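A short write-up of the structure that comes next.
As the structure is a prediction and not an experimental result, all values here were calculated from the model. Both ligands and their constituent atoms are indexed starting at 1 by order of listing.
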Amino acid sequence: MELNIMDMYSDILNVYGDIGNLTCINERCKWRGIEVNNKSFSIGSNEKLDFDNIDMILIGGGSDKGQSVVSEDLLKHRSELENYLNNGGVLLAICGSYQMFGNNYHDIDGENIQCLEMFDIETHAESNRLIGNILVENSIGLTPKTLVGFENHAGRTYHNYNPLGEVKVGHGNNDENKYEGMVYKNFIGTYLHGPFLPKNPHIADYIILNALKNKYEVEKLTSLDDTIEINAHNSMVNKLLNI
Ligand code: GLN
């Protein structure tokens with residue numbers, strides 16, 4: 001089996017090393033004998049965006065300016081991207097790229113940053129940024145239940161989609177309703193940088209399995225010895241819970 005994995009705009013949206021999500025997916029696939037073909041797309045790249053031959057898309061986070069430039073470019077491919085998502089295409093969007101899939105994002109001056117209007121999400125920025133380590137209890141059936149990461153965003157995001165989980169420590173979507181992220185089909189948006197996936201191998205596998213299910217109807221992944229990864233994850237959980 002093989003997965004075609006596209007990292008998009010990582011030269012512009014890669015704050016807090018979000019490209020580490022690609023490294024994590026690549027290694028966890030290779031350790032299972034799943035071949036990975038990496039493609040990288042950004043503004044002006046020669047890479048053709050053939051969504052029919054993409055199995056997973058990863059996009060990181062960045063500045064308001066960066067996400068505005070990226071969404072303006074990605075708007076050229078909006079309908080193909082919409083079909084990709086509606087056909088179960090896997091996409092992980094971190095922070096600014098999560099916001100970018102919404103209807104609008106008003107920056108602290110009230111200016112609207114160009115968005116894709118793909119999902120009914122509203123985001124507005126406030127002057128005091130939401131910064132720090134974050135602990136979330138996932139609501140998508142993952143074990144362990146915990147997800148850890150680091151957040152740094154001015155944006156407050158509101159929507160009625162299923163959240164990725166409930167905030168136990170930190171801020172999340174908007175520091176009000178205690179929800180973090182969103183899940184719709186195989187799209188996951190989250191404010192968790194870190195990079196996110198190496199700190200949470202269980203959701204990395206969730207994303208890999210979704211891509212394999214969508215392409216090959218695979219129902220189960222071979223398990224890996226995640227002792228070191230889960231020990232590191234749990235030490236962060238304990239630190240955040242002051243255990
Ligand atoms: N520019 C957005 C904000 O400040 C997202 C930041 C990020 O991607 N870390 O909310």
Is there a donor in the side chain of [X] and an acceptor in the side chain of [Y], or the other way round, less than 3.5 Å apart?
| X | Y | result |
| --- | --- | --- |
| Asn112 | Tyr105 | no |
| Thr143 | His202 | no |
| Asp55 | Tyr216 | no |
| Asn214 | Asn186 | no |
| Ser10 | Asp7 | yes |
| Asp50 | Asn53 | yes |

field: ligand 1 contacted by Tyr16 (non-hydrogen, < 4.0 Å)
entry: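 No, Tyr16 has no heavy atoms under 4.0 Å from ligand 1.
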task: Run the contact test for Arg129 against ligand 1 with a 4.0 Å cut-off on heavy atoms, strictly below, and give the result.
output: yes
task: For Asn128, check side chain to side chain donor-acceptor pair (under 3.5 Å) against everything at least two apart and list the hits.
output: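 For Asn128 the side chain to side chain donor-acceptor pair (under 3.5 Å) partners, ignoring immediate neighbours, are Arg156.
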message: Under the rule for side chain to side chain donor-acceptor pair (under 3.5 Å), what residues qualify as partners of Lys76, not counting sequence neighbours?
response: Asp73
query: How far is atom 1 (N) of ligand 1 from its nearest protein heavy atom, and which residue and atom is that?
result: Asp64 OD1, 2.5 Å
task: Identify the protein heavy atom lying closest to atom 7 (C) of ligand 1, giving its residue, its atom name and the separation to 0.1 Å.
output: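 Result: Cys95 SG, 2.9 Å.
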Considering only heavy atoms of [X], which atoms of ligand 1 have at least one such atom less than 4.0 Å away?
| X | answer |
| --- | --- |
| Tyr105 | 1 (N), 2 (C), 3 (C), 4 (O), 10 (O) |
| Gly155 | 3 (C), 10 (O) |
| Val15 | 9 (N) |

task: Could you check which of Gly61, Gly62, Gly60, Gly96 puts a non-hydrogen atom nearest to atom 6 (C) of ligand 1?
output: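 Residue with the shortest heavy-atom distance to the ligand atom: Gly62.
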- prompt: Counting only heavy atoms, which portion of Ser63 has something under 4.0 Å from ligand 1: side chain, backbone, both, or neither?
  reply: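 The backbone, only.
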- request: Pick one of side chain, backbone, both or neither for how Asn152 approaches ligand 1, counting any non-hydrogen atom pair under 4.0 Å.
  value: backbone
- request: May I ask you to check if ligand 1 and Gln67 share an N or O to N or O distance below 3.5 Å?
  value: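 Yes; at least one N/O pair falls below 3.5 Å.
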query: Is Gln99 close to ligand 1, meaning an N/O of one under 3.5 Å from an N/O of the other?
result: yes
